[in-house]
There are 4 protein chains.
Amino acid sequence: MDNLASLTDLAVESRNIAIERTGGEISGVTLDETEVDHAKITRVEVLNEQAGQQIGKSPGNYVTIESEDFRSGDRQVHEYLSGVVANELNNIMDSSSLGQNNGEETILVIGLGNWNTTPDALGPRVSHHLLVTRHLYDDAPQDSREGMRSVCSLSPGVLGLTGIETAEIIRGVVDRVHPQLIIAIDSLAARESSRLASTIQISDTGIYPGSGLGKQRIGITEEDMGVPVIAMGMPTVINSVNIVNDTINHLANNQNVAGEVQQMIQQNNISEQLIGEILQPFLGDLIVTPKGIDKLIGDISRILAGGINVALHPDIKAEDVSLYLQ
Amino acid sequence: MDNLASLTDLAVESRNIAIERTGGEISGVTLDETEVDHAKITRVEVLNEQAGQQIGKSPGNYVTIESEDFRSGDRQVHEYLSGVVANELNNIMDSSSLGQNNGEETILVIGLGNWNTTPDALGPRVSHHLLVTRHLYDDAPQDSREGMRSVCSLSPGVLGLTGIETAEIIRGVVDRVHPQLIIAIDSLAARESSRLASTIQISDTGIYPGSGLGKQRIGITEEDMGVPVIAMGMPTVINSVNIVNDTINHLANNQNVAGEVQQMIQQNNISEQLIGEILQPFLGDLIVTPKGIDKLIGDISRILAGGINVALHPDIKAEDVSLYLQ
Amino acid sequence: MDNLASLTDLAVESRNIAIERTGGEISGVTLDETEVDHAKITRVEVLNEQAGQQIGKSPGNYVTIESEDFRSGDRQVHEYLSGVVANELNNIMDSSSLGQNNGEETILVIGLGNWNTTPDALGPRVSHHLLVTRHLYDDAPQDSREGMRSVCSLSPGVLGLTGIETAEIIRGVVDRVHPQLIIAIDSLAARESSRLASTIQISDTGIYPGSGLGKQRIGITEEDMGVPVIAMGMPTVINSVNIVNDTINHLANNQNVAGEVQQMIQQNNISEQLIGEILQPFLGDLIVTPKGIDKLIGDISRILAGGINVALHPDIKAEDVSLYLQ
Amino acid sequence: MDNLASLTDLAVESRNIAIERTGGEISGVTLDETEVDHAKITRVEVLNEQAGQQIGKSPGNYVTIESEDFRSGDRQVHEYLSGVVANELNNIMDSSSLGQNNGEETILVIGLGNWNTTPDALGPRVSHHLLVTRHLYDDAPQDSREGMRSVCSLSPGVLGLTGIETAEIIRGVVDRVHPQLIIAIDSLAARESSRLASTIQISDTGIYPGSGLGKQRIGITEEDMGVPVIAMGMPTVINSVNIVNDTINHLANNQNVAGEVQQMIQQNNISEQLIGEILQPFLGDLIVTPKGIDKLIGDISRILAGGINVALHPDIKAEDVSLYLQ
């Protein structure tokens, strides 16, 4: 992937960036938008490798669920949004090899990120709230097994704390547990600040943990894990370089700052990439995150865990989502 | 105070901003720099109201202790830096009305900020590590009282959580406890990202908590509290508007981005203030903070609490600073 | 109060202890029990000082709401229980001097306890989740003021951390804020382990914070504060001395341990008080708390904050309780 | 292992229990005591399987480091104690197959326990403070590799949160990382309350995580992992059943409670095991832990991580232990 891709984890943003650059549609990338109560759902499909190169994302399906209500603190709407998440997760599972399942599969949910750093703790927090059943499953009576899937979960930590590539840890556990599907949860980086804590992305393409470090030899992908991988996440930070680009664009569209900024941008002698390269050593140690991130991470981890619980276990109804949150 | 002042809590930065604007020294503001091991100490004195207007800071003394080692994680250097903090705090206390003390005063240390939000938790964390003695003082034998001062502490929370102006809470407690001095600790905002977690400021001018909200009718100042107030703090966030200015300045000094940026800046048709006004609604919900802020807050709160312990209690030697941290 | 009282903060338990000792009803103490869905409500009234002496509790009303479902993790039942709490709080408020209110009173909610120690953090956590309105109230339009009361809140910390008696801090704030009612929330100690995280007590008699230390000169009582005080809390710890008594009683009732234990207890040569005195130095540094206390404190603080929100603000309906939790 | 063993994780206590029962020395169990500054070191060796059966511990070496200063909060003594830990860890490593090492081995440190539950968080907290190097090791220049070992670390969580037996996770990672040694850190349970936060145990026999549940099919042992395992830990809880036994013993030794208790105990009609069986359902959901456990876990995790850093990396001197804590 090129440098551009690392600026956002969201396929919808990658597509927009590519369109801004080329000035037209990107062939091989389809987009479909739907509205439901409280949320807008956008489905991006990257049809082939060539299209993937253009927008810096692997071929596959990317669904985003956008809602201002993720930030609202309204638990009733949050429970509704868990149902929306469950629907989209089920759609992606059905179109994967899990579509022809018998309900007795083991599913491994991975909580990526660092539980000691608030904006990076989304994955471990989802894992914490999740209903895990694998250790009870074999001893459970047949009829309760029909209503539940065998779910296990792991929060492997981050390379800087473990000294082990995260994907290596997961592969080791996969070789012992033999799941039929991996669901990997991570905090994402966005390009536009309006995306923070307002957009969930679900994709069937896997994920490269901590890809900022750029050293990972293996990914959490079907290729490296040997089983399908669904990735889910929400932007909690924006790259500090992005905030400058985001801001300059905002200034260029403001009528009070007509002349110089627009001229500077539009002449485009100063590309995003150049700005990124200059600013990385200067801003690279900073993170930009929403005010109130502590509460937002708490709320959104419950929404995601609730959605996963409803999607995985036939007996958990969407209206009872809160009963099964750990 | 004008709009500029709110962009930084550090007097050294306010002075620099004023110099950049006027192109020359600010009369009525003196500056003195010293080097000690591991740190540079800068003493700014604002001599009168007129000078204060120019740099947006109240008349009084502002000492900054700058050290890369605040971020180093080296506990031995941290203990040394606690000694430096103690020295500077003692100097400011001596030149205040507390200079003619008998050692039996009560001192009230206020931990400002929100303990649930990492970058805003510096004050409550310092308060947590502090040695408090007031409740033991009256019953203590005479000779241990000579080695200890009567110290008490409060973390009053923030307006949004309490519904009460922080200064009101403190004034209520002052009226019951009758301290001879208040020391108020707070997380600060800086203008330059290099200041984050690297600069401690100590001043004798008091502080307006959460001044961003701009609604506080009373301050934590000698005028409003009836006793002298020393304020201590360290920048843990930069205003997201500042990061844009900081970045544009950085770009303007970079040889790879010669033309447009420098021209734009130097023509100065786009002033900092204009950028601030445009960006506030757009960026105002974001915070910019260093990576690893959780650990930094932990380390720096111990350094500050250690420095205060050593400064206040004659029997606590600098070399034993760690023994008295709670 | 005698030594006995300090073994439990619950009036229902104090009454039981007195009955066990005297072998009969305690005159001047009435008891009324009701069942509602998911909970049993017990109202104890201590009619006079003499009765108060006998059970070691001040004269006044004590309501307990008992429910296994506090520990269930079922958020829908939790929301229902918030409604039960709101009802009982309203009853107690109506029978106080606040019964003849005009809705424009200011109410001060105090979160007692130490936010750094999980089982003692109930008060600060309730305060954190509470809807505070006082800072917005004066500027609010008339019709939204009619649906809301002016509520403010404070978590003053504990004597060992502040060096200031908690009641002194509160009295200082009361003198500035002039509330018409104080509601004080605290973690309680119970005698029986089955009470842990399963019983809420609401009383109109005030509270002595950290009464274990036994040194507090003033209380959070109408006498010391000048305004009515309602105390609310839930047992999160049992005194380690109590667990021994609790256990010996349990053993004495077990058919497998017939002889010696029952004989020992029933001869009563070894009184609870004697056991307490012997064990205090040995067990006094230990706390006994339920497994999973971290999650229980989180759940119960939301139930209590929700109940207070519904009781105080006419516009908050019980069915929307979750919308207003901070 | 029989029921008795589960009452304590400390071999010194298991040996004492066996001696109390049998009234004499246990053949096949040796004991050696040494005093150093600030600590007493006890080395228990269980020589064979038969001896192991008697005290309920596997054959091997068990070293305990006892010091009141673990609870003192004195960081200088804590640094000294890290050196004591490093010495004992080195002794145990030298007598293992690692004695003939070339310094280029990879060592995997496992932080057992649940990071969300304070008394169970010792392992993950040690892991957090540890210097991990494996991800940097291969790229490091030869001379810095000679001063450092390749260290990696993992906090796998607990069965109830993951649905995966902890030893299975570790075995999976071992098969990918191929360490030459595993060091497993865990919170322990003690029998006597005086052991809480005052005794470190280091052993070369491995460990069964969460053995209370009694269902683990594989252990973190050389047999199951294929590489030597050193276990380190400190008691942070006592079984609530133990506190009753501990208390009854204390009462029996108290001159004020002469008759009944001593008679009851000495007749021994009520055995510890019977008490345990009766009380388990009644007390099993409670934990008994020291006051101030939050701070104790913080201090002791730094002491242990410091000791491990010094033991593993030749270039880290004991006097610089604090510089390398993460």
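Remember, it's a predicted structure, so these values are computed and weren't measured experimentally. We name chains A, B, ... by the order of the sequence lines, and we start the count at 1 in each one.
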Side chain, backbone, both or neither of Asn116(D) within contact of chain A (heavy atoms, under 4.5 Å):
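The side chain, not the backbone.
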Set of residues satisfying side chain to side chain donor-acceptor pair (under 3.5 Å) with respect to Glu88(D), sequence neighbours excluded
Arg43(D)
Test applied, side chain to side chain contact (heavy atoms under 4.5 Å, CB included); reference residue, Ile164(D); option that passes from Val132(A), Thr106(A), Leu108(A)
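The option that passes is Leu108(A).
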Does Arg176(D) reach the side chain of Ile169(A), with side-chain heavy atoms less than 4.5 Å apart?
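Not in contact.
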When rounded to the nearest 0.5 angstrom, what is the spacing between CG in Leu161(D) and NE2 in His135(A)?
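Rounded to the nearest 0.5 Å, the CG-NE2 separation comes out at 8.5 Å.
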For chain D, which residues of residues 292-305 of chain A have heavy atoms nearer than 4.5 angstrom:
none
Please find the pair of heavy atoms, one from Leu154(A) and one from Pro156(D), that lie closest to each other, and give the distance.
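For Leu154(A) and Pro156(D), the tightest heavy-atom pair comes out as CD1-O, 3.8 Å.
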Closest heavy-atom pair and its distance - Glu165(A), Arg134(D)
N-NH1, 4.4 Å
Need one label for Thr133(A): side chain, backbone, both or neither, based on atoms under 4.5 Å from any heavy atom in chain D.
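Contact with chain D involves no heavy atom of Thr133(A) at all.
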Top contributor to chain D interface from Cys152(A), Pro124(A), Gly111(A) [non-hydrogen pairs under 4.5 Å]
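Top count of heavy-atom pairs under 4.5 Å with chain D: Cys152(A).
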